[in-house]
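Below, chain A is the first sequence line, B the second, and so on; all start at residue 1.
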Number of protein chains: 2
Amino acid sequence: MTDFLADRDAWLTTNCSIARTLDVVGNRSTLLLLREASMGTRRFDQFAARVGISEPVAAARLKQLVADGLLERRPYREPGQRTRDEYVLTDKGAQLVPVLVALRQWGDTWAADAAGPSVRVEHHDCGAEVHAVLRCAAGHDVEPDGIDVRPGPGLLRANRD
Amino acid sequence: MTDFLADRDAWLTTNCSIARTLDVVGNRSTLLLLREASMGTRRFDQFAARVGISEPVAAARLKQLVADGLLERRPYREPGQRTRDEYVLTDKGAQLVPVLVALRQWGDTWAADAAGPSVRVEHHDCGAEVHAVLRCAAGHDVEPDGIDVRPGPGLLRANRD
DNA sequence: TAGCTGACTTTGCTATCCCTAAGTCAGCCC
DNA sequence: GGGCTGACTTAGGGATAGCAAAGTCAGCTA
């Protein structure tokens, strides 16, 4: 099993965590809605306007995000307005923030305007810029090419005759 | 400008780094192809088989990934075979690895089989498990709810009359 | 030089995503 | 209790992403 990468064809793709995550957030509008939610957007029309999608799409995606447990509907009341629901990130949804930060970081480096990126992400406590980095459980910083992929407990193998 | 999040509607979405990254890798098959590339897959038919996509789709996406500079075609020759091209991650492509790790991590937590995730990502140097974490330039660990979003140098504002 | 093989391309179809435009509906204000 | 407003839904249609099946093509091997 040492050189198990060569054996890669024997794996089944049915238990790939990346693919399963993409089943939930694998389209553009869903990730952009989560971007908005992580930046404090809460109301339906603001989601649609800020993401730049139509209302039918916003309604469908928000409904799915609530069904998947990434957003939560919570009643609220503005003064002089009637009761409404707002959409707030759950803990499950907030755990996707590293994905958003990593995506933003790549775009800042490779796709920003000459003037630079449009937003800057800061640490709330100290104001320093925030990055997504790879780190191992022993505390070392890890470079993108410094990772090895090994079989995990849920690895399924195809039957080979 | 202190409470600029309330002013969010004045932003234009045209210079959002997340959206621009999604313009490049915003569909399922592209990210799964990058997953494969980061795990060492190099040949056309292996990409198609391991990602579970048809050959026409694999051809189109790989071509686009090369055009976008995330993959590079490199001639190689196996003994007794003719010369072919293989697809290898460029530095630009490798910088998306944190995105893949963050996606995998979320799937491991929220969408894995009861038996656990199918693969484990280890630090090449020490074997400890690798995670995507948020860290600020001052060296602090940052929680998903510990970030503030501020205007950056490339922020475009809509004209307001 | 004939055949094999890996790497695609072509064709034709389906499904999903997203759009605009026009409804619907609930409940606070007056 | 009639109107307004925010939050959707419905209807109809275009673009993109995906599939399977079959065809092309280059260049080693024999």
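Distance from the side chain of A/S54 is smallest for C/dT20 among the nucleotides C/dA7, C/dT20, C/dC8. Among the nucleotides C/dA22, C/dC8, C/dC18, the one closest to the side chain of A/E55 is C/dA22.
In this structure, A/L22 places its CG atom 17 Å from P of C/dT16, rounding to the nearest Å. Rounded to an integer number of Å, the gap from CD of A/Q64 to P of C/dT16 is 13 Å. In this structure, A/D23 atom CG and C/dA15 atom P are separated by 18 Å, rounded to whole Å. Atom CG of B/L65 is separated from atom C1' of C/dC8 by 16 Å (rounded to the nearest Å). Atom pair B/Y87:OH and C/dA7:P shows a separation of 9 Å (rounding to whole Å applied). Summarising the geometry, the separation between CG on B/L71 and P on C/dC8 is reported as 12 Å, rounded to the nearest angstrom. Rounded to an integer number of Å, the gap from A/D85 CG to D/dG6 P is 16 Å. The separation between B/F44 atom CZ and C/dT9 atom P is 7 Å, rounded to whole Å.
Of the residues A/E72, A/E86, A/E36, the one that meets the salt bridge (Lys or Arg N to Asp or Glu O under 4.0 Å) test with A/R42 is A/E86.
Between B/R43 and C/dA7 there is a side-chain N or O to OP1 or OP2 distance below 4.0 Å. Applying the 4.0 Å criterion to OP1 and OP2 of C/dT9, one finds that B/K63 has a side-chain N or O inside that range. Of the side-chain N and O atoms in B/Y76, one or more sit less than 4.0 angstrom from OP1 or OP2 of C/dA7.
A salt bridge links B/D113 with A/R20: the closest approach of a Lys/Arg side-chain nitrogen to an acidic carboxylate oxygen falls below 4.0 angstrom. We find that A/R135 and B/D141 are joined by a salt bridge, their nearest charged nitrogen and carboxylate oxygen being less than 4.0 Å apart.
Note on B/F47: nothing from the nucleic acid sits closer than 4.0 angstrom, heavy atoms only.
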Detail all sub-3.5 Å separations between protein N/O atoms and N/O atoms belonging to nucleotides 2-5 of chain D.
none

Can you pull every protein N or O that's under 3.5 Å from an N or O on nucleotides 11-17 of chain D?
none

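A side-chain donor-acceptor contact under 3.5 Å links B/N15 to the backbone of A/G116. Between the side chain of B/T21 and the backbone N or O of A/W106 there is no donor-acceptor pair closer than 3.5 Å. A donor-acceptor pair under 3.5 Å links the side-chain atoms of A/T109 to the main chain of A/Q105, judged by distance alone. Side-chain N or O atoms of B/K92 include one that pairs as donor or acceptor with a backbone N or O of B/D68 at under 3.5 Å. Although no hydrogens or angles enter the test, the distance criterion places no donor-acceptor pair under 3.5 Å between the side chain of B/D23 and the main chain of B/I18.
Side-chain contact of A/R104 with B/S17: a donor-acceptor pair under 3.5 Å is absent, judged by distance alone.
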